[in-house]
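These numbers come from the heavy atoms of this one structure, side chains and all, not from hydrogens, waters or symmetry mates. Protein chains get the first letters and strands the later ones, always in sequence-line order, with residue 1 at the start of each.
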Amino acid sequence: MTPELGFQTAQLLVSILLRKCLQMYSLDERNSIIGDLVQESRGVRPAWLRGVWLVWHGSAIAVGFVIDRMARAGAARNAGPAKRGGGRGRLGDGAQRVRQAARSLARRPLHAVTAAVTLSLGVGISTAVFTIVWHGLMEPLPYSDAGRLLRIGDRGLDDPVAAFSSMSMQNVLDLRAASRSLEGLETFAYEQYNVTGDGGPVRVLGMTVSPGFFDLLGVRPWRGRFFDRSDVGAGTAVLSHGAWRDEFGSDPEILGRTVVIDRVPRRIIGILPASFSFPAGPRMFTVLDESAPLYAERGRRMIDGVARLRDGTALEQARQELESIFRRLALAQPKANEGWTVAIAPLSEWMIGRTRKLVGLFAAATLFVLLIAVWWVPVSACSWPRGLSTCSSPCTARPSLVLTRSPSIQWSSSLPSACPCWRASLRDWFRRCGRVRAPLRQASGRHGGMRPRLDARSWWWPRSPSPWFWPPQPA
Amino acid sequence: MRRLSELDFFVILAILQLGKHADAPAIRTRIAAAIRRPVGRGTLYRALDRLAREGLLTWRLEPGHPGRADQPLRHFTVTESGVTAARGSRFVRDRLWSGLEDRLT
């Protein structure tokens, strides 16, 4: 799908959803409310968030409308002469309704269990997926000005699939010295530490990081301090909040205490905030000595890099500059660097890029289910105020409030068939279904004995002067 | 005539204050600025519908502009009944307020 087609599809979806949400209003009221929403959403960026904003607030207005009509219907029932339930008030009527629902559900236990399980699953899955989407895709990374953070690595020229390989420390030092588009370039490497404290040895995932790593990310210590240059070789360590809580029992005197990490005694100098996260969840950090003999050989690719883009510099500009520097390095050190180039991407892309498609797929599936719900709920809600306006019976509002199945299959058993006016509402419901299904019947040439009364597009096609109200044209 | 709720009272006052510029977003902004907390859109539109249904205010459509995607704009006006209802609400408040000036000001 091209971006233009995707954008137009999103436009259409937002238009339909918003009009569907507000369909209870008259055409003039609906268009003016949509105009109000468009006007008030001018500051919402980016465009997709604006679409979500419009639908969300349109739904809120629709819910307000329905609540108002429910209150009116309750008041009309209580004020009217045909009071049910022995003249009880609104509370009594509600209790009667609950009893009626309980009786009808008890009559069909399988139906009740199916409905309960379906609802539970739907609510649970929707909540779970949107939680994942929120934390995975929408919530900003827990770093300062995370949009400028980059992941930097090496990439083999003959290996287009692998996005990032580890880097050579000597190359990193050269890139750091020569780059003008980066504000900082720091290194890290994952490690498995054997930690010996008061209890037995524990194996913990950790990271060895260059002294400026946390400063580059813009993270502030929750307790103590982070590494500086003086910590190189000094035997210090920083704990994640989780490690402090789980491995050290939230010891308030942990700072300054010495633990043995891989047989080396290290003094704990700081604790990270609970909000800090990094891929794979390292729990213990030590300082990386960039001048260690281990890293002296240029061909040994053992470490990874993060960088911060200089303010006002574009990602593509930084990419071109680093590739140019790397080409020079390859010419100067062909043995170590031939066949390699530098890989660069936003840190957020590296952290969530791999799961983005999967999460997006889940979110789309959930959105589809919600779309079905949004489609049907207003239809059922709408049959009710309309019925109220044509009939003053206290029972007219009932069909919209009960759990209904598709009218072409069967009505719910809780539909009050004894009510003298339920047929009027049912007719109204069928009329609406006729509107919805008319295009299908017209397309298939089958009218099912009922000619569509409306134009095939009228049930969904915008009828305003400007069909596409989202995104609005600039003022 | 029923007694106005607090929000209905605020809506009528906001429309009267805004005069020719009394559209829904402006009313919402005006009330929110006065009470120093946001007013829900659903709540406001409910109140506007309710008041219009009871004949306390009317609205007329005006053509939209590109800033609102050419969608029409509803301008609200308070009717005589609305003004009377607002006066009644104020009268009730004034009556309850009387004698409490020393304690509440």
Among residues 42-54 of chain B, those lying within the under-4.5 Å heavy-atom range of chain A are B/Gly42, B/Tyr45, B/Arg46, B/Asp49, B/Arg50, B/Arg53
For chain A, which residues of residues 5-37 of chain B have at least one non-hydrogen atom nearer than 4.5 Å to it?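 The list, in residue order, reads B/Ala24, B/Pro25, B/Arg28.
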Do B/Arg41 and A/Leu37 have side-chain heavy atoms sitting under 4.5 Å apart? yes
Flag if over 12 foreign heavy atoms under 6.0 Å of CD, B/Glu101: yes
Does B/Arg93, at its CZ atom, have more than 12 non-hydrogen atoms belonging to other residues, nucleotides or ligands within less than 6.0 Å? yes
Kindly compute the distance separating CZ (A/Arg30) from CD (B/Gln71), expressed to the nearest 0.5 Å.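 That separation rounds to 10.5 Å.
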Ranking A/Ser32, A/Ala60, A/Gly64, A/Gly58 by heavy-atom pairs under 4.5 Å to chain B gives rank one to A/Ser32
side-chain contact (heavy atoms from CB on, under 4.5 Å) between A/Ile33 and B/Arg74, intermediate numbers included: CA-CA 8 Å; A/Ile33 292 173; B/Arg74 272 196 298 176; 3.8 Å; yes
